[in-house]
Amino acid sequence: MSDTSGARAVTLSDVAARAGVSISTASKALNDRGDVSAATRAKVRAIAEELAFTPNAMARGLLAGRTGTVGLLTSDLEGRFMIPILMGAEDAFGAGRINVFLCDARGDAIREQHHLRELLSRRVDGIIVVGRQTDPRPSLGQEIPVPVVYAYAPSDDPRDLSLTPDNYAGGRLAIEHLLACGRRRIAHISGEPSYAAAQDRLAGARAALAAAGLELVGEPMLSEWTEHWGRDAAALLLQRHPDIDAVFCGSDQIARGVLDSARDLGRVVPDDLAVIGYDNWEVLATNARPELTSIDANLQQLGRQAALRVFDAIDGVDTGEGTHHLPVRLVIRGSTIARR
């Protein structure tokens with residue numbers, strides 16, 4: 001181990017340069033976070049030891065002026081979307097490594113400003129803002145003295161960094177799955193037409209159908225994100241278009257209602273009618289009869305990525321700006337493919 005007496009303190013930049021990695025990667029390797037390979041982690045730690053980059057030096061180089069706290073500002077504390085995002089963020093933060101201040105603005109702008117002032121007074125190192133829907137939300141502004149990442153609901157300011165699920169791709173994915181199952185007469189029932197999520201999923205669905213030379217049967221039926229609406233809409237849809245062979249639903253709640261009406265009207269799912277939902281809300285999807293195929297928005301991964309972007313920004317890495325649409329995935333169950 002080298003003798004550093006009388007020399008300047010070894011910095012994180014020194015370790016990164018010797019290891020041939022970025023400062024961000026070196027920080028992640030030394031702090032057990034981020035997507036760093038075991039080999040890179042071992043190499044960085046070995047070089048840190050060789051250069052006598054001790055935990056105390058690390059604290060001086062990495063954490064000077066920091067509090068080890070992150071604010072999580074949400075409008076959806078009791079809702080379906082906040083919990084998996086929080087779980088993903090906590091996974092990235094690491095148990096006991098970062099303290100999280102969780103503030104619920106309940107959709108109120110004045111309350112949100114109060115919470116923001118409180119978080120800044122506690123000198124948090126960064127803030128994650130989580131919305132209740134994927135419509136753009138007002139930016140907190142460019143004068144915030146710490147990094148801010150918007151999750152689920154993107155900021156309306158393109159200078160901010162926002163992470164949101166790719167609902168357009170989700171709509172395409174749902175239809176492509178139904179087409180792969182041999183369905184050709186596909187209808188669509190979804191929720192609030194004013195929601196960006198409803199419109200994006202519909203646009204993706206129409207694009208996938210157009211690529212196959214098809215279009216939706218009937219006009220898309222958009223109203224509420226409820227099982228009740230799913231039941232009513234499906235009953236009307238099956239009376240008007242009894243030859244439909246699939247329904248793409250804008251949410252799992254709607255899809256549960258569609259399953260109810262299909263059963264009441266003697267349609268066997270998935271033999272006569274395939275049904276696919278959206279959100280992969282497991283308590284609904286796995287307790288449906290049959291279990292519900294759904295599009296998963298990967299919200300836990302979204303929360304993890306938001307936390308990692310905050311870490312990068314804290315470490316001085318340029319995390320970029322604008323809205324980034326993260327991948328969604330298909331979860332296949334018995335409502336589209338019969339289980340044998």
Side-chain angles (χ1 to χ4, degrees), residues 165-191 193 195 197-223 225 227 229-231 233-282 284-286 288-298 325 327-340:
D166 193 339
N167 282 305
Y168 179 87
R172 287 195 66 116
L173 192 58
I175 295 300
E176 288 166 356
H177 172 63
L178 293 173
L179 294 173
C181 293
R183 312 296 169 152
R184 292 297 181 270
R185 295 189 53 77
I186 302 170
H188 183 50
I189 301 173
S190 194
Y195 275 44
Q199 294 300 328
D200 291 344
R201 292 166 191 174
L202 173 58
R206 280 181 159 151
L209 284 167
L214 300 170
E215 57 184 27
L216 289 171
V217 175
E219 287 298 311
M221 304 177 72
L222 280 69
S223 180
W225 304 102
E227 287 188 42
W229 164 240
R231 284 194 294 272
L236 184 59
L237 182 66
L238 290 168
Q239 289 171 6
R240 287 179 177 173
H241 306 283
D243 58 342
I244 63 171
D245 58 15
V247 182
F248 166 38
C249 302
S251 77
D252 292 339
Q253 289 170 288
I254 292 170
R256 284 281 295 252
V258 171
L259 291 176
D260 288 345
S261 285
R263 188 180 305 111
D264 292 344
L265 295 172
R267 302 294 294 269
V268 178
V269 177
D271 298 1
D272 303 333
L273 184 73
V275 178
I276 184 170
Y278 207 107
D279 296 328
N280 194 34
W281 193 350
E282 290 202 4
L284 290 182
T286 59
R289 292 188 300 149
E291 291 191 356
L292 186 62
T293 295
S294 187
I295 302 296
D296 191 321
N298 280 337
H325 295 90
V328 299
R329 67 188 180 98
L330 171 69
V331 180
I332 300 173
R333 300 188 181 94
S335 67
T336 57
I337 296 179
R339 296 301 170 93
R340 304 301 179 191

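These numbers come from a predicted model, not from an experiment. FYI, side chains are in, hydrogens and waters are out, and symmetry mates aren't considered; it's all heavy atoms of this structure. Nothing fancy with the numbering, it's 1 onward along the sequence.
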Closest non-hydrogen atom pair, [X] against [Y]:
{"X": "R333", "Y": "A285", "value": "NH1-CB, 3.3 Å"}
{"X": "G218", "Y": "H241", "value": "CA-NE2, 3.9 Å"}
{"X": "G334", "Y": "T293", "value": "N-OG1, 4.4 Å"}
{"X": "I295", "Y": "A174", "value": "CD1-N, 3.9 Å"}
{"X": "W225", "Y": "S251", "value": "CE3-CB, 3.7 Å"}
{"X": "L330", "Y": "L173", "value": "N-CD2, 3.6 Å"}

Under 3.5 Å donor-acceptor, [X] side chain and [Y] backbone:
{"X": "D296", "Y": "V331", "answer": "no"}
{"X": "S335", "Y": "L292", "answer": "no"}
{"X": "S261", "Y": "R231", "answer": "yes"}

What distance do [X] atom [atom1] and [Y] atom [atom2] have between them, rounded to the nearest 0.5 Å?
{"X": "Q199", "Y": "S190", "atom1": "CD", "atom2": "OG", "answer": "8.5 Å"}
{"X": "E176", "Y": "L209", "atom1": "CD", "atom2": "CG", "answer": "10.0 Å"}
{"X": "I186", "Y": "E215", "atom1": "CD1", "atom2": "CD", "answer": "12.0 Å"}
{"X": "L265", "Y": "L273", "atom1": "CG", "atom2": "CG", "answer": "10.0 Å"}
{"X": "D264", "Y": "L259", "atom1": "CG", "atom2": "CG", "answer": "11.0 Å"}
{"X": "H188", "Y": "I276", "atom1": "NE2", "atom2": "CD1", "answer": "11.5 Å"}

- Task: Using a strict cut-off of less than 4.0 Å between a Lys/Arg side-chain nitrogen and an Asp/Glu carboxylate oxygen, indicate whether D279 and R201 qualify as a salt bridge.
- Result: yes
Going by heavy atoms in the side chains, are [X] and [Y] under 4.5 Å from each other?
{"X": "L222", "Y": "Y195", "result": "no"}
{"X": "L237", "Y": "Q239", "result": "no"}
{"X": "F248", "Y": "L216", "result": "no"}
{"X": "D252", "Y": "R256", "result": "no"}
{"X": "R183", "Y": "P270", "result": "yes"}
{"X": "C181", "Y": "I337", "result": "yes"}
{"X": "D166", "Y": "R172", "result": "no"}

- Message: Using side-chain contact (heavy atoms from CB on, under 4.5 Å), reason through R267 and V258 one step at a time and then give a plain yes or no.
- Response: CA-CA 11 Å; R267 302 294 294 269; V258 171; over 6 Å; no
- Donor + acceptor pair across side chains of T336, H177 (<3.5 Å): yes
- Got more than 12 heavy atoms from elsewhere within 6.0 Å of CZ, R263? yes
- Message: Can you confirm whether more than 12 heavy atoms, excluding those of R289, are under 6.0 Å from its CZ atom?
- Response: no
- For V328 and Y278, what are the C-alpha separation, side-chain angles and deciding distance, and is it a side-chain contact (heavy atoms from CB on, under 4.5 Å)? CA-CA 10 Å; V328 299; Y278 207 107; 4.2 Å; yes
- Query: Of D272, D243, D245, which is the lone residue that meets salt bridge (Lys or Arg N to Asp or Glu O under 4.0 Å) with R185?
  - Reply: D243
